[in-house]
**Student:** 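Once you've had a glance at the structure underneath, I'll fire off some questions.
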Amino acid sequence: MLIITLPDNSKKSYKKPVTSFQIANDISTKLASEAFVSYVNGELWDLARLIETDSIVSILTKKNEEILKIIRHDAAHIMAEAVLELYPDTQVTIGPAIENGFYYDFYREKSFLMNDIELIEKRMHEIVDRDEKIEREVWTRNEALDFFKKNNEIFKVELVNAIPEEETVTFYRQGNFVDLCRGPHAPSTKKLGHSFKLTKLAGSYWRGDSNNPVLQRIYGTAFLNDKDLNNYLVMIEEAEKRDHRKIGKQLDFFHLQEEATGSVFWHQKGWVIYLEIEAYMRRKLNISQYSEVKTPQVIDRSLWEKSGHWEKFKEHMFMAKGDDDKTLALKPMNCPGHVQIYKQGLKSYKDLPIRMAEFGSCHRNEPSGALHGIMRVRQFTQDDAHIFCMDSQITSECVQFCELLQEIYKDFGFNDLRVKFSDRPATRAGDDQTWDKAESALLVAIKAANLDYTLNPGEGAFYGPKLEFVLTDAIGRDWQCGTLQVDFVLPSRLGASYIDQDGQKQQPVMLHRAILGSLERWIGILIEQHSGRMPLWLAPVQVVLCSIVDSTNNYIYSIQKELNKVGIRNEIDLRNEKIGYKIREHSNKAIPIIVVIGKKEEEKSNVAVRYLGSNNQEILGMNQFIEGLVKKCLPPDLK
RNA sequence: GCUGGGGUAGCUCAGGGGUAGAGCAAUUCAUUGGUAAUGAAUAGGUCGGAGGUUCAAUUCCUCUCCUCAGCACCA
């Protein structure tokens, strides 16, 4: 006797082992036809898998969110089947469902081209229509090994080899395609339906290691119906319009060109944003008792050798030849320079903590494939600082930093940031006790700032653990912005010390920290966040004054004079164009406030104000308008 | 760096072995108008760069640079 408990707590009893499909069928034939998989005691199972003990079972249909993952995984298998049918010289490797879709990595001498993708997609639709049964099989590990060896599938052999000898593995068979897979899957290829699309073709590496063979990855996405699929595709299209590279060009913020690959040409409008942000950060750092410094751009090789950068980072450093055949390097980081300033003169424990800040312009020779607009560049400016402190000050400094960071992110409108915590790696400097202290300081800081985090186990730097503060771009890619790293190593390598209460020489700890990360990346993220419609305090042009007829030009000049006096960034548009044309053009240029001035306004010393994104207009007295505007344009920390 | 796309007017893009195309922008003229495109005319190009094949290359081939997507990288 076998008792099956259903979600509504009703029970069914069976004399023999039963499948979820039978159970569904006993409830209603409709449910059986709509079922994809089931939960059996909280685990996802195939419908055809035999349940042999008393169990809690629920049947999943399209209404359950989990199904999306299942059909995307189905889609990956169906794609692999299609690829093997069309290109039998291919080896399959792995193919998971991922956020928003799925991919499969293939190994094949010849590259897939874009037309291949179309053929594969077509074949997938055929396989769906074939309604092939998808069946689960349990094999011993050695059977699996023999099978893959016989077929010369070296990648699968490697996967199976990693499995302990006594264990069994599961296979899924559909048509002539068999794949090693944990499952579960829907009962038939037909269940996928036709709401899928292959999206991208890209290279990847076996097991994510660039020393391994290159694989070809085909990405796709699948949904439960065409409407969801189309919504998704439209959403991606919309998101692409927020791309900072596109907007940067449209709004005349910056440009990039071949002769300076990976370095930004800031135009006047973009540079205004940059300067406003820098000024804001200076105010915040002053209040937080940082002192700002500036260190050399080009430094002799010997210092980089002492700091360890030469050994670990040489390939990424730009070199310059000096006199006497000296090798110089453009600084990729600011820390060694800051230690040199720290080392000038003896430091006492009473001097600590020392918080040394720099808007440090760094050069790194990033691999060409890593470059991305102004988000990943070869020359960038960090809002960098190093806090030299005693062990006993680490925690409070970390807490203060996280609070400051959060305050600043809020001012820029980022309320939900994500934190990654990278703890001790296998090979590291410093003893476990010191690591304990540093890791717990970071954790205390996260908690004090009321932040959630995800753990990156073993991903810390060899010199200490770190926090990474991550923001997301328009199409969902993660970018590390802020960071906080505890460093036990550099101070000793570069000989930084202080005298403690007992007159003994001690080594300070160094906290590397940045809040925005790089000004370039930060502005890129901001542009995408706002689709180019920057908040008033950052808008390159805050107001544009538009005429309707040219008889009011003198009145407009007089308003402009007043705006200039109070530091409102403005433009005037006296062109011989219709007002509708001007409104449209300035709206497209994302200018936050358009002021229209005609004869009516001039007569009473008024202005007609129109805010971006609104069709309303507000008639205000000129003085009243300017007074209000000055307040609105204040940076968030001065409001 | 790796795999696959792409580079044509200021911008967005079409084309394709035989004098290079559109829309928008620009310039000129007319229009002085009331809240997201007034009309007409004109001008605009080493078809990313270097080699090669050809009577002829922007088009085909080779190399190279840049760029896009993903992978790897981001100390």
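First the proteins, then the strands, lettered A, B, ... as listed; each starts at 1.
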**Student:** For Ser210(A) and for Gly373(A), locate the closest nucleotide of RNA chain B by heavy-atom distance; then report the residue assigned to the nucleotide nearer the 5' terminus.
**Tutor:**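 The residue mapped nearer the 5' terminus is Gly373(A).
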
**Student:** Could you give the distance from CG (Asp473(A)) to CD (Gln529(A)), rounded to the nearest 0.5 Å?
**Tutor:**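 Here the rounded value is 11.0 Å.
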
**Student:** Please give the distance between the P atoms of rU59(B) and rG48(B) as a whole number of Å.
**Tutor:**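 Each nucleotide's P atom is 8 Å from the other's.
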
**Student:** Respond yes when some side-chain nitrogen or oxygen of Arg364(A) is under 4.0 Å from OP1 or OP2 of rC73(B), and no when none is.
**Tutor:**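 No, outside the criterion.
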
**Student:** For rG70(B), does either OP1 or OP2 sit under 4.0 Å from a side-chain N or O belonging to Ser204(A)?
**Tutor:**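 No, no such contact exists.
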
**Student:** Using a heavy-atom cut-off of 4.0 Å across all strands, would you classify Lys466(A) as base, sugar-phosphate, or nothing?
**Tutor:**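 Contact class for Lys466(A): sugar-phosphate only.
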
**Student:** Does Phe223(A) have its ring centroid less than 6.0 Å away from the ring centroid of Tyr232(A)?
**Tutor:**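 Close enough - the centres of the two rings lie under 6.0 Å apart.
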
**Student:** Contact class for Phe112(A) vs. all strands (heavy atom < 4.0 Å): base, sugar-phosphate, or nothing?
**Tutor:**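 Answer is sugar-phosphate: Phe112(A) comes under 4.0 Å of backbone atoms only.
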
**Student:** Run through Lys582(A), Lys269(A), Lys589(A) and flag the one making a salt bridge (Lys or Arg N to Asp or Glu O under 4.0 Å) with Glu571(A).
**Tutor:**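 That would be Lys269(A).
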
**Student:** My understanding is that a pair needs two contacts under 3.5 Å, Watson-Crick or G-U wobble. By that rule, which nucleotide pairs with rA37(B)?
**Tutor:**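 Paired with rA37(B), as far as the under-3.5 Å criterion goes, is no nucleotide at all.
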
**Student:** Can you tell me the distance, in whole Å, between the CZ atom of Arg217(A) and the P atom of rG5(B)?
**Tutor:**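 Rounded to the whole Å, the gap is 18 Å.
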
**Student:** When rounded to the nearest Å, what value does the distance between C1' atoms of rC47(B) and rG6(B) take?
**Tutor:**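 Comparing C1' positions in rC47(B) and rG6(B) gives a spacing of 14 Å.
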
**Student:** Who does rA20(B) pair with, Watson-Crick or G-U, both distances under 3.5 Å?
**Tutor:**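 Matched rA20(B) with nothing under the 3.5 Å cut-off.
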
**Student:** For the ring pair Phe414(A) and Trp522(A), is the centre-to-centre distance below 6.0 Å?
**Tutor:**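 That pair passes the under 6.0 Å test.
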
**Student:** Using purine N1 to pyrimidine N3 plus N6-O4 or O6-N4 for Watson-Crick, or N1-O2 and O6-N3 for G-U wobble, both under 3.5 Å, which nucleotide pairs with rG44(B)?
**Tutor:**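 Partner of rG44(B): none.
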
**Student:** If the sugar-phosphate is the primed atoms plus P, OP1 and OP2 and the base is the rest, what is the B/S/- string for nucleotides 25-39 of chain B, using protein heavy atoms under 4.0 Å?
**Tutor:** S-----BBBBBBBB-

**Student:** For Ser368(A) and Phe462(A), find the nucleotide of RNA chain B closest to each by heavy atoms; which residue's nucleotide sits nearer the 5' end?
**Tutor:**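 Taking each residue's closest nucleotide, the earlier one in sequence belongs to Ser368(A).
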
**Student:** Once you round it to whole Å, what is the distance between C1' of rG48(B) and CD of Gln257(A)?
**Tutor:**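 About 13 Å, once rounded to whole Å.
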
**Student:** Looking only at the side chain of Tyr219(A) (C-beta and beyond, no hydrogens), which of the listed nucleotides rC66(B), rC71(B), rG5(B) gets closest?
**Tutor:**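 Looking only at heavy atoms from C-beta outward on Tyr219(A), the closest nucleotide is rC71(B).
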
**Student:** Does the ring center of Tyr557(A) lie less than 6.0 Å from the ring center of Tyr555(A)?
**Tutor:**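 Judged by ring-centre distance (under 6.0 Å), Tyr557(A) and Tyr555(A) do not meet the cut-off.
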
**Student:** For Phe401(A), does the six-membered ring have the charged nitrogen or CZ of Arg513(A) within the cation-pi criterion, i.e. under 6.0 angstrom from the centroid and within 45° of the normal?
**Tutor:**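 No - Arg513(A) does not lie over the ring of Phe401(A) by the 6.0 Å and 45° rule.
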
**Student:** In whole angstrom, give the distance that lies between atom CE of Met375(A) and atom P of rG70(B).
**Tutor:**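 Rounded to whole Å, this separation is 12 Å.
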
**Student:** Would you say rG4(B) has OP1 or OP2 under 4.0 Å from some side-chain N or O of Ser111(A)?
**Tutor:**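 Checking rG4(B) against Ser111(A), a side-chain N or O does come within under 4.0 Å of OP1 or OP2.
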
**Student:** Mind checking Gly208(A) for me? I need base, sugar-phosphate or nothing, with any heavy atom below 4.0 Å counting as a touch.
**Tutor:**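 Sugar-phosphate contact only.
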
**Student:** Mind checking if Arg477(A) touches a base, just sugar-phosphate, or nothing, with heavy atoms under 4.0 Å?
**Tutor:**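 Counting heavy atoms under 4.0 Å across all strands, the contact made by Arg477(A) is with sugar-phosphate only.
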
**Student:** Quantified in whole Å, what is the C1' atom distance between nucleotide rU58(B) and nucleotide rA14(B)?
**Tutor:**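 That atom pair is separated by 14 Å.
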
**Student:** Between C1' on rA72(B) and CG on Asp105(A), what's the gap in Å once rounded to a whole number?
**Tutor:**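 Distance, rounded to whole Å: 13 Å.
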
**Student:** Quantified in whole Å, what is the C1' atom distance between nucleotide rU46(B) and nucleotide rU31(B)?
**Tutor:**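 It comes out at 40 Å once rounded to the nearest Å.
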
**Student:** In whole Å, what is the span from the NZ atom of Lys246(A) to the P atom of rU67(B)?
**Tutor:**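 Rounded to the whole Å, the gap is 18 Å.
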
**Student:** Assess whether one donor atom and one acceptor atom, taken from the side chain of Tyr205(A) and the base of rG1(B), lie less than 3.5 Å apart.
**Tutor:**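 Donor-acceptor pair under 3.5 Å: yes.
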
**Student:** Over 60° means perpendicular and under 30° means parallel, so tell me whether Phe112(A) and Phe106(A) are parallel, tilted or perpendicular.
**Tutor:**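 It falls in the perpendicular class, over 60°.
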
**Student:** Looking only at atom C1', what distance separates rA26(B) and rA9(B), rounded to whole Å?
**Tutor:**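 Roughly 11 Å separates the two C1' atoms.
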
**Student:** For rU31(B), give its Watson-Crick or G-U wobble partner with both distances under 3.5 Å, or none.
**Tutor:**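 Base-paired to nothing in any strand shown.
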
**Student:** Send over the distance from Asp243(A) CG to rU12(B) C1', rounded to a whole Å.
**Tutor:**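 Rounding to the nearest Å, CG of Asp243(A) and C1' of rU12(B) are 15 Å apart.
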
**Student:** Rounding to the closest angstrom, what is the interatomic distance between rG44(B) and rA22(B) at atom P?
**Tutor:**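 That atom pair is separated by 13 Å.
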
**Student:** Whole angstrom is fine here: how far is it from CG in Leu113(A) over to P in rG70(B)?
**Tutor:**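 For the pair Leu113(A) CG and rG70(B) P, the rounded distance is 20 Å.
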
**Student:** Mind checking Leu256(A) for me? I need base, sugar-phosphate or nothing, with any heavy atom below 4.0 Å counting as a touch.
**Tutor:**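 The answer is nothing, as Leu256(A) stays clear of every strand by at least 4.0 Å.
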
**Student:** Restricting to side chain to side chain contact (heavy atoms under 4.5 Å, CB included), what partner residues turn up for Asn456(A), sequence neighbours left out?
**Tutor:**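 With neighbours one apart ignored, the set is Lys420(A), Ser422(A), Glu459(A).
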
**Student:** When the P atoms of rA50(B) and rU8(B) are compared, how many Å lie between them, rounded to an integer?
**Tutor:**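 Going atom to atom, P in each nucleotide, I get 16 Å.
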
**Student:** Which one is paired to rA57(B), where only Watson-Crick or G-U wobble pairs with both distances under 3.5 angstrom count?
**Tutor:**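 Its partner: none found.
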
**Student:** For rG1(B), what is the paired nucleotide under Watson-Crick or G-U wobble rules, both distances under 3.5 Å?
**Tutor:**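 Partner of rG1(B): rC71(B).
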
**Student:** Between rC65(B) and rC73(B), how far apart are the two P atoms, rounded to whole Å?
**Tutor:**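 23 Å, rounded to whole Å.
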
**Student:** Whether His372(A) contacts rA69(B) is assessed here as follows: a side-chain N or O lying under 4.0 Å from the phosphate OP1 or OP2. Is that the case?
**Tutor:**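 Answer is yes, contact under 4.0 Å.
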
**Student:** Select one nucleotide: of rC73(B), rC66(B), rG70(B), the one nearest the side-chain heavy atoms of Pro367(A).
**Tutor:**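 Closest nucleotide among those given: rC73(B).
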
**Student:** May I ask you to check whether Gln340(A) and His338(A) show a side-chain donor-acceptor distance below 3.5 Å?
**Tutor:**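 No pair is found: no donor N or O on one side chain lies under 3.5 Å from an acceptor on the other.
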
**Student:** Closer than 4.0 Å, any side-chain N/O of Arg245(A) to the OP1 or OP2 of rA69(B)?
**Tutor:**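 For Arg245(A), the contact criterion (side-chain N or O under 4.0 Å from OP1 or OP2 of rA69(B)) is met.
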
**Student:** Does a donor on one side chain sit under 3.5 Å from an acceptor on the other, for Asp487(A) and His512(A)?
**Tutor:**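 Yes - a donor-acceptor pair under 3.5 Å links their side chains.
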
**Student:** Atom CD of Glu258(A) and atom P of rG6(B): how far apart are they, to the nearest Å?
**Tutor:**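 In whole Å, rG6(B) P lies 18 Å from Glu258(A) CD.
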
**Student:** Is there a donor and acceptor pair, one atom on the side chain of Arg376(A) and one on the base of rC73(B), closer than 3.5 Å?
**Tutor:**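 By the distance-only test, yes, there is a pair.
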
**Student:** Under 4.0 Å between a side-chain nitrogen and a carboxylate oxygen: does that hold for Asp478(A) and Arg418(A)?
**Tutor:**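 Yes, Asp478(A) and Arg418(A) are salt-bridged.
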
**Student:** Please check the phosphate of rC71(B) (OP1 and OP2 only) for any side-chain N or O of Lys200(A) closer than 4.0 Å.
**Tutor:**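 No, no such contact exists.
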
**Student:** Heavy atoms only, 4.0 Å cut-off, all strands: where does Ala461(A) land among base, sugar-phosphate and nothing?
**Tutor:**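 Sugar-phosphate contact only - Ala461(A) comes under 4.0 Å of backbone atoms but never of a base.
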
